[in-house]
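Working notes, structure below.
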Amino acid sequence: NAGVMQNPRHLVRRRGQEARLRCSPMKGHSHVYWYRQLPEEGLKFMVYLQKENIIDESGMPKERFSAEFPKEGPSILRIQQVVRGDSAAYFCASSPFSGGTDTQYFGPGTRLTVL
Amino acid sequence: EDKVVQSPLSLVVHEGDTVTLNCSYEVTNFRSLLWYKQEKKAPTFLFMLTSSGIEKKSGRLSSILDKKELFSILNITATQTGDSAVYLCAVLSGGSNYKLTFGKGTLLTVNP
């Protein structure tokens, strides 16, 4: 059973470009969570999605950031007009159910560098 | 705002030593505490603790939760170089049953 897949693993963008980060959850998991880890900081919750629904985006910056989890295909975290402060590791996690006593299984992360 | 604090931030030991990593928390409506090991890739799940005083054990690793004093410890006995990693503590709390709050982690380096 493959784990959570994220790609690309490393992404370099220049200021003003768009970044698209992809996450394929574990087989059978329909809940996806995105976290951001800034340098010297802990992982911080960004958004929780189920198929075709955004459940909680309370951790997302109000502008330039969006996320989706379509019926088919991976979840996408999209950052428009990137700035240097967006440089971070972005982790995706998936679970078979929503929270409770279930754990979230993490992907290897995408390390975004903005030049 | 929910807060999770880990200590020490970094630790260097020799193979065979025993280490204790600490995690304290201040959260609303605590549900559970989780420990992860993060090497140069995905954080991998170690333990989930919900009840006070019940030790969870996996090989050389063990963990216990104290809900009265609001902390948890992760013990690693007979450390090996492969234990070198960042150990993350996270808490599930509040009205959300999915939003993990993480500490900054403890960087453990085990030297041969």
Side-chain angles (χ1 to χ4, degrees), chain A residues 1-10 21 23-26 29-50 53-60 69 88-111, chain B residues 1-10 21-51 54 56 58 63 65 72 85-107:
Chain A
N1 186 10
V4 178
M5 310 285 284
Q6 289 188 249
N7 68 79
R9 294 291 307 278
H10 300 275
L21 288 62
C23 169
S24 296
M26 286 180 72
H29 288 195
S30 58
H31 300 257
V32 166
Y33 315 82
W34 285 92
Y35 291 83
R36 178 166 65 172
Q37 187 175 33
L38 293 167
E40 310 298 323
E41 296 290 326
L43 280 80
K44 292 201 186 311
F45 170 82
M46 296 181 76
V47 61
Y48 162 36
L49 308 109
Q50 294 178 21
N53 280 308
I54 297 174
I55 307 302
D56 180 352
E57 55 182 350
S58 59
M60 289 274 271
F69 189 16
Y90 292 83
F91 289 93
C92 163
S94 73
S95 68
F97 307 107
S98 172
T101 57
D102 296 297
T103 58
Q104 297 174 19
Y105 294 86
F106 282 82
T110 293
R111 275 151 184 83
Chain B
E1 188 179 314
D2 292 347
K3 194 159 66 170
V4 176
V5 178
Q6 292 186 244
S7 63
L9 288 181
S10 66
L21 310 183
N22 304 292
C23 176
S24 64
Y25 59 91
E26 289 179 33
V27 299
T28 307
N29 295 330
F30 172 88
R31 291 176 180 261
S32 57
L33 184 145
L34 295 87
W35 284 97
Y36 291 84
K37 179 181 181 182
Q38 184 180 23
E39 297 167 274
K40 289 185 179 177
K41 44 184 181 173
T44 51
F45 170 76
L46 294 174
F47 298 112
M48 183 168 71
L49 303 144
T50 306
S51 302
I54 299 173
K56 293 245 176 147
S58 176
S63 183
L65 174 68
S72 173
V86 175
Y87 290 84
L88 300 173
C89 172
V91 171
L92 201 59
S93 63
S96 153
N97 62 354
Y98 49 81
K99 194 183 297 184
L100 290 169
T101 301
F102 281 84
K104 293 184 181 181
T106 293
L107 172 61

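Throughout, a chain's letter reflects where its sequence line sits, starting with A, and its residues are numbered from 1. Reckoned from all heavy atoms, side chains included, excluding hydrogens, waters and symmetry mates.
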>> Can you confirm whether B:Tyr25 is buried at OH, in the sense that more than 12 heavy atoms of other residues, nucleotides or ligands lie under 6.0 Å from that atom?
In response: yes
> Got more than 12 heavy atoms from elsewhere within 6.0 Å of CE, A:Met60?
Replying inline: yes
Can you give me the closest heavy-atom contact between [X] and [Y], atom names plus distance?
{"X": "B:Lys99", "Y": "A:Ser58", "answer": "NZ-OG, 2.9 Å"}
{"X": "B:Tyr36", "Y": "A:Gln104", "answer": "OH-O, 3.3 Å"}
{"X": "B:Pro43", "Y": "A:Gly107", "answer": "CD-O, 3.9 Å"}

> For A:Glu40, is it the side chain, the backbone, both, or neither that has a heavy atom closer than 4.5 Å to a heavy atom of chain B?
Replying inline: backbone
>> Within the structure provided, determine whether A:Tyr35 and B:Leu100 are in side-chain contact (heavy-atom separation under 4.5 Å).
In response: yes
> Where does B:Gln6 contact chain A at under 4.5 Å (heavy atoms): side chain, backbone, both or neither?
Replying inline: neither
> Checking B:Leu9 against chain A: side chain, backbone, both or neither under 4.5 Å from a heavy atom?
Replying inline: neither
